Amino acid sequence: MSDTEQLPLFSELGLAAPVLKALQDVGYERPSPIQAAAIPHLMAGHDLLGQAQTGTGKTAAFALPLLSRLEAGNRNTQILVLAPTRELALQVTQELISFNTHDLSIAPIYGGASMTEQLRRLKKGIDIVVGTPGRILDHIRRGTLDLSAIAYLVLDEADEMLNMGFIEDIEEIMHAMTGPKRVLLFSATMPDRIAALARNYMHEP
Ligand code: AMP
């Protein structure tokens, strides 16, 4: 039996029916190892610390269960994903949109892009914001991104964000979130500063 055959089916991981339907449309047949491990854990409502490289399917590993658990869109930001670069933010946004089964508003908010357009979209309301730390913090300080309804914070490629000098921004963003939320942290490596972030801000990941 090959490795792939030993992995469960997507239908065995507890995902919501509309998300399973979207998976068929996208054409993924079997979960990758990180997806098989992470999805049931996230469906059970736990924090997640994932040591994963790009290319392992880590985006769908959080996108599928979070979309399965999300209430219908209400245009209050419920998920905030932080990514190191504009390219990754766009890629994650595209993947979330491809599994978007219940008409959620999903948008990237990154530095270097027009503030006017971002302010217009934020004013209309975005259910899932995927952003780079500097620009997200800018919106939080201006009061244009409301964090009071956030249910999930996802830190994607956390070690890259550390390398790019975003760690203080991330800590400030995490401080600004006062409500109850689940934290998901993905990192290819686990430097001390990232491990400390996990210890301080995550609950039994
Ligand atoms: P990521 O590690 O999230 O950057 O994903 C790497 C690539 O694998 C992306 O292009 C995904 O669209 C694709 N992918 C993720 N999960 C699966 C899967 N279960 N089956 C086939 N392709 C996948």
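Computed from a prediction, not measured in an experiment: that's the story for all the values here. Both ligands and their constituent atoms are indexed starting at 1 by order of listing.
In terms of protein heavy-atom proximity, atom 19 (N) of ligand 1 is nearest to Arg30 O, 2.8 Å. Looking only at protein heavy atoms, the nearest one to atom 16 (N) of ligand 1 is Gln35 NE2, 2.8 Å. Given atom 21 (C) of ligand 1, the protein heavy atom at minimum distance is Tyr28 CD2, 3.6 Å. In terms of protein heavy atoms, atom 3 (O) of ligand 1 is closest to Thr59 OG1, 2.6 Å.
Under the 4.0 angstrom criterion, atom 12 (O) of ligand 1 counts as having a protein heavy-atom contact. Taking a distance limit of 4.0 Å, we find that atom 7 (C) of ligand 1 is approached by no protein heavy atom.
Side chains of Met174 and Leu153 form a contact here, defined as non-hydrogen atoms less than 4.5 Å apart.
Judged purely by atom type and a 3.5 angstrom limit, Thr144 uses its side chain to pair as donor or acceptor with the backbone of His139. Judged purely by atom type and a 3.5 angstrom limit, Asp156 has no side-chain atom pairing as donor or acceptor with the backbone of Ala83. A distance-only check finds no donor-acceptor pair linking the side chain of Thr132 to the backbone of Arg86 [under 3.5 Å]. Of the possible donor and acceptor atoms, one in the side chain of Arg135 sits under 3.5 Å from a partner among the backbone N and O of Ala113. Of the possible polar contacts, one joining the Thr85 side chain to the Leu88 backbone as a donor-acceptor pair under 3.5 Å is found. Side chain of Arg69 to main chain of Met43: a donor-acceptor pair is present (N/O by atom type, distance under 3.5 Å, no hydrogens or angles).
Between His41 and His46, the ring planes lie tilted relative to each other; the angle falls in the 30° to 60° range.
With a 4.0 Å heavy-atom cut-off, ligand 1 is reached by no atom of Phe186. Contact annotation for Gln91 and ligand 1: only side-chain heavy atoms (C-beta onward) come within less than 4.0 Å of the ligand.
Atoms of ligand 1 lying under 4.0 Å from at least one heavy atom of Thr56, given by number and element, are 2 (O). If you number the atoms of ligand 1 from 1 as listed, the ones under 4.0 Å from a heavy atom of Gly55 come out as 1 (P), 2 (O), 4 (O), 6 (C). Ligand 1 places these atoms under 4.0 Å from at least one heavy atom of Thr54: 2 (O), 4 (O).
Geometrically, ligand 1 and Ala60 share no nitrogen or oxygen pair separated by less than 3.5 Å. Considering backbone and side-chain N/O of Gln53, none are found under 3.5 Å from N/O of ligand 1. Every N/O-N/O distance between Pro31 and ligand 1 stays at or above 3.5 Å.
Side-chain rings of Phe62 and Phe186 approach one another, their centers coming within less than 6.0 Å.
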